[in-house]
Amino acid sequence: QVQLVESGGGLMQAGGSLRLSCAASGRTFSRYTMGWFRQAPGKEREFVAFISATGGSTSYADSVKGRFTISRDNAKNTVYLQMNSLKPEDTAVYYCAAAWAPGSIVISTATEYAYWGQGTQVTVSS
């Protein structure tokens, strides 16, 4: 099993930057595909970014492409989401998620991720 704890959320003005972190427990972190999702009030949870187990493959939702960057440090059991040029529509609770998938196939559907963090709030003011 994997336990995930997100941090780094907060209140930011439009155009600013935030970096989210997700710390994972367990000794097999490097065999897990990781994803970031977000959920705004009244909306469904949506895919934000994916990174393969080795970090060699990434994928992004069109809404964040070019502004957000996902990365991971397997030695520290941590995945990051660097968010630049933030917009008010980025306001949401951000969740990291893990799927046992040592390969590089993109996983962007929430139901394919077995483990989830508790979420961290990101609020972007205009």
Side-chain angles (χ1 to χ4, degrees):
Q1 281 202 348
V2 177
Q3 291 185 323
L4 305 172
V5 179
E6 302 98 334
S7 61
L11 174 63
M12 179 59 63
Q13 288 189 331
S17 297
L18 281 173
R19 188 176 82 156
L20 305 184
S21 299
C22 173
S25 65
R27 292 180 290 182
T28 57
F29 176 73
S30 63
R31 305 298 299 277
Y32 283 85
T33 283
M34 300 299 295
W36 284 98
F37 290 76
R38 66 186 182 186
Q39 188 166 18
K43 295 188 177 181
E44 293 187 354
R45 190 168 299 189
E46 64 173 358
F47 168 75
V48 174
F50 149 95
I51 188 164
S52 62
T54 63
S57 178
T58 59
S59 182
Y60 300 91
D62 288 343
S63 58
V64 306
K65 202 171 293 183
R67 299 188 298 120
F68 290 11
T69 302
I70 189 171
S71 61
R72 66 190 296 162
D73 185 339
N74 285 346
K76 295 183 178 179
N77 280 17
T78 302
V79 63
Y80 305 98
L81 185 68
Q82 178 67 43
M83 306 186 295
N84 299 329
S85 302
L86 284 163
K87 303 176 180 181
E89 51 264 43
D90 294 320
T91 295
V93 177
Y94 283 72
Y95 300 89
C96 71
W100 176 259
S104 59
I105 296 175
V106 176
I107 301 176
S108 60
T109 305
T111 54
E112 296 184 87
Y113 287 86
Y115 305 102
W116 292 82
Q118 81 289 350
T120 185
Q121 176 71 46
V122 172
T123 303
V124 183
S125 63
S126 57

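Predicted model only: the values in this text are computed from it and were never measured. By convention here, the first residue in the shown sequence is residue 1.
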**Student:** For Q121, check side-chain hydrogen bond (donor to acceptor under 3.5 Å, both in side chains) against everything at least two apart and list the hits.
**Tutor:**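 With sequence neighbours excluded, Q121 shows a side-chain hydrogen bond (donor to acceptor under 3.5 Å, both in side chains) to T123, given in chain and number order.
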
**Student:** Rounded to the nearest 0.5 Å, what's the gap from SG on C96 to CD1 on I51? Could you check?
**Tutor:**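 C96 SG to I51 CD1: 12.5 Å, rounded to 0.5 Å.
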
**Student:** Would you give me the side-chain donor-acceptor pairs under 3.5 Å for residues 80-89, sequence neighbours excluded?
**Tutor:**
from	atom 1	to	atom 2	distance (Å)
Q82	NE2	N84	OD1	2.9
N84	OD1	S17	OG	2.9

**Student:** Show which side-chain atoms of residues 100-114 pair as donor or acceptor with protein atoms under 3.5 Å away, not counting sequence neighbours.
**Tutor:**
from	atom 1	to	atom 2	distance (Å)
T109	OG1	E112	OE2	3.4
Y113	OH	I107	O	2.6

**Student:** Would you indicate whether the side-chain heavy atoms of V79 and W36 approach each other to under 4.5 Å?
**Tutor:**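 Yes; the side chains approach each other to less than 4.5 Å.
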
**Student:** Got E6 and Y94 here, is their nearest side-chain heavy-atom distance under 4.5 Å?
**Tutor:**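 They are not in side-chain contact.
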
**Student:** Quick one: side-chain hydrogen bond (donor to acceptor under 3.5 Å, both in side chains) partners of N77, sequence neighbours excluded?
**Tutor:**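 N77: no side-chain hydrogen bond (donor to acceptor under 3.5 Å, both in side chains) contacts found.
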
**Student:** Which residues satisfy the side-chain contact (heavy atoms from CB on, under 4.5 Å) test with K65, sequence neighbours excluded?
**Tutor:**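 Testing K65 for side-chain contact (heavy atoms from CB on, under 4.5 Å), a comparison that skips the adjacent residues, returns Y60, D62.
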
**Student:** Quick one: closest heavy-atom pair of V64 and V48, and the distance?
**Tutor:**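 So the two residues come closest at CG2-O, 3.6 Å.
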
**Student:** Only counting residues at least two apart or in another chain, list the ones meeting side-chain hydrogen bond (donor to acceptor under 3.5 Å, both in side chains) with R31.
**Tutor:**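 For R31, no residue satisfies side-chain hydrogen bond (donor to acceptor under 3.5 Å, both in side chains) once neighbours in sequence are set aside.
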
**Student:** Do the non-hydrogen side-chain atoms of K76 and S21 ever get within less than 4.5 Å of each other?
**Tutor:**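 No, side chains not in contact.
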
**Student:** L20, F68: one ILVMFWY side-chain cluster at the under-4.5 Å cut-off?
**Tutor:**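 Yes, same cluster.
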
**Student:** Hey, quick one: are F37 and V122 part of the same hydrophobic cluster, counting side-chain heavy atoms closer than 4.5 Å, chains of contacts allowed?
**Tutor:**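 F37 does not cluster with V122.
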
**Student:** What are the two closest heavy atoms between E46 and R38, and how far apart are they?
**Tutor:**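 Residues E46 and R38, closest heavy atoms: OE2-NE, 2.6 Å.
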
**Student:** List the atom of G119, the atom of V93, and the distance in Å for their closest heavy-atom pair.
**Tutor:**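 For G119 versus V93, the nearest heavy atoms are CA-CG1, 3.8 Å.
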
**Student:** For the residue pair C22 and Y95, establish whether any side-chain heavy-atom pair is separated by less than 4.5 Å.
**Tutor:**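 No. Closest side-chain heavy atoms not under 4.5 Å.
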
**Student:** Show the nearest heavy-atom pair for residues A24 and L4, with the distance to one decimal.
**Tutor:**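 So the minimum-distance heavy-atom pair works out to CB-CD2, 3.6 Å.
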
**Student:** With distance as the sole test, does S30 use its side chain to make a donor-acceptor pair with the main-chain N or O of N74 at under 3.5 Å?
**Tutor:**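 No; judged by distance alone, with no hydrogens or angles, the pair does not exist.
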
**Student:** Between R72 (side chain) and S52 (backbone), is there a donor-acceptor pair under 3.5 Å?
**Tutor:**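 Side chain of R72 to backbone of S52, a donor-acceptor pair under 3.5 Å: yes, one is there.
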
**Student:** So do M12 and D90 actually touch side chain to side chain, heavy atoms under 4.5 Å?
**Tutor:**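 No, their side chains stay 4.5 Å or more apart.
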
**Student:** If every non-hydrogen atom of A92 is compared with every non-hydrogen atom of A40, which pair is closest and at what distance?
**Tutor:**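 Minimum heavy-atom separation between A92 and A40: CB-N, 3.8 Å.
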
**Student:** Distance-only, no hydrogens or angles: does the T91 side chain make a donor-acceptor pair with backbone N or O of V124 under 3.5 Å?
**Tutor:**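 Yes: the side chain of T91 pairs with the backbone of V124.
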
